[in-house]
Amino acid sequence: MRVLGIETSCDETGVAIYDTERGLIADALHSQMAMHAEFGGVVPELASRDHTRKLLPLIRQVLDEAALDGNQLDAIAYTAGPGLIGALMVGASTAHGLARAWNIPVLGVHHMEGHLLAPMLEEASPDFPFVALLVSGGHTQLVEVHGLGRYRLLGESVDDAAGEAFDKAAKMLELGYPGGPQVAKLAAHGDPKRFRFPRPMTDRPGLDFSFSGLKTHTLTTTRKLQEAGSLSNQDRADIARAFEDAVVDTLVIKCRRALDATGLKRLVVAGGVSANQRLRERLDHETAKRQAQAFYPRGRFCTDNGAMIAYVGAQRLLAGERDDMTMQATPRWPL
Ligand code: KG4
Ligand code: ZN
């Protein structure tokens, strides 16, 4: 079975075709990052308009790449939420329009379920059950995964998501958008011993996170140095390093706890922040120490993409699921 996947929840237009026998057979992505960078963050109205411009040409592109006509597809899966309402509407209405024209079923997919199962697109993919750490710009969650659609939330952020904290720290350090990769790049030149930021909510039991205090800590450290004179590049690198170490350490501590609490030996890490190299190194080390294993999506599939949506759609289609023809666009939607 072949499923077209459409992702338009935020600032990437992602389209892909997943074949349940051959795997991923086409994949295309248009990032709006450069367009939003000028404004220091995603501008929702610009995002919707750009999805409208790019989505149909990208669908044409993946069909050509796979040498298929639309009516040779078995279903269309689209991101139904959570995300920006206008952006979601573009994907949902296009998916429904094409599904009617080609007379095939349509499936609305949860964006975080896409991230959660993105490592399944890799050759070395994990078996169920596993613990998943979902770390993106909008979410930080630990989930116990027993199978398709069988998810138990273990813990989540009570305030900012990890990616959001990276983006805000980047702004304070006068770095561009999106902040995560730039903070990580700067942190590589930082002195890990100069500042020590707190590891929020690690001094008490539980699997919830809080990252808003780290933002305040970054701001006060930056301000203090500015007031005392000027903020040098080395100062900024040292702050970036302290910030990254604190976020990574906190995530590692909670993953360790989640593995212990569930007794599971497999850890999946997905979402934009899973691209972070220092986080990967630390988690590889920690899992190896307890005869466990960590699984990640390839770099391209850490951030938003159509392949993960096509994959989830294909699995749900195989499981016999079909949505009715009601269009769904749900900005806030728990997993
Ligand atoms: O999953 P994603 O593409 O979009 C959402 O669903 O939110 O995640 C984007 C987030 C941004 O906050 C970005 O700063 C962060 O992932 N990110 C990183 C890295 N690459 C992307 N954070 C830390 N280190 C990275 N290397
Ligand atoms: Zn995402």
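In listed order, ligands and their atoms are each counted from 1. We number each residue from 1, following the sequence as shown.
Looking only at heavy atoms of the protein, atom 17 (N) of ligand 1 is closest to Gly272 O, 3.6 Å. From the protein, the heavy atom lying nearest to atom 22 (N) of ligand 1 is Gly180 CA, 3.3 Å. Distance from atom 10 (C) of ligand 1 to its nearest protein heavy atom, with residue and atom name: Gly137 N, 3.5 Å. Atom 13 (C) of ligand 1 has its closest protein heavy atom at Asp167 OD1, 3.7 Å.
Judged by a 6.0 Å distance limit and a 45° cone about the ring axis, Arg266 is not positioned over the six-membered ring of Phe295.
With respect to the salt-bridge test (charged N to carboxylate O, under 4.0 angstrom), the residues Glu227 and Lys224 do not qualify.
Donor-acceptor pairing under 3.5 Å is recorded for the side chains of Thr330 and Gln328. Using modelled atom types and a 3.5 Å distance limit, the side chains of Asp160 and Ser212 yield no donor-acceptor pair. In summary, the side chains of Gln234 and Asp191 do not present any donor paired with an acceptor at a separation below 3.5 Å, with no hydrogens or angles considered. Using modelled atom types, one finds no donor on one side chain facing an acceptor on the other under 3.5 Å when comparing His189 with Asp238.
Here His217 and Phe197 bring their ring centres to under 6.0 angstrom of each other.
Contacts between His139 and ligand 1 below 4.0 angstrom, taking non-hydrogen atoms only, are absent altogether.
The shortest separation from a heavy atom of Glu12 to ligand 1 is not under 4.0 Å, leaving the residue out of contact. Distances from ligand 1 to the non-hydrogen atoms of Gly138 include at least one value under 4.0 Å. Not close to ligand 1: Met112, with no non-hydrogen atom less than 4.0 angstrom away.
Contacts of Pro44 classified as side chain to side chain contact (heavy atoms under 4.5 Å, CB included), with partners at least two apart in sequence or in another chain: Leu84.
Within the protein, the N, O or S atoms lying under 2.8 Å from the Zn ion (ligand 2) are His111 NE2, His115 NE2, Asp304 OD1.
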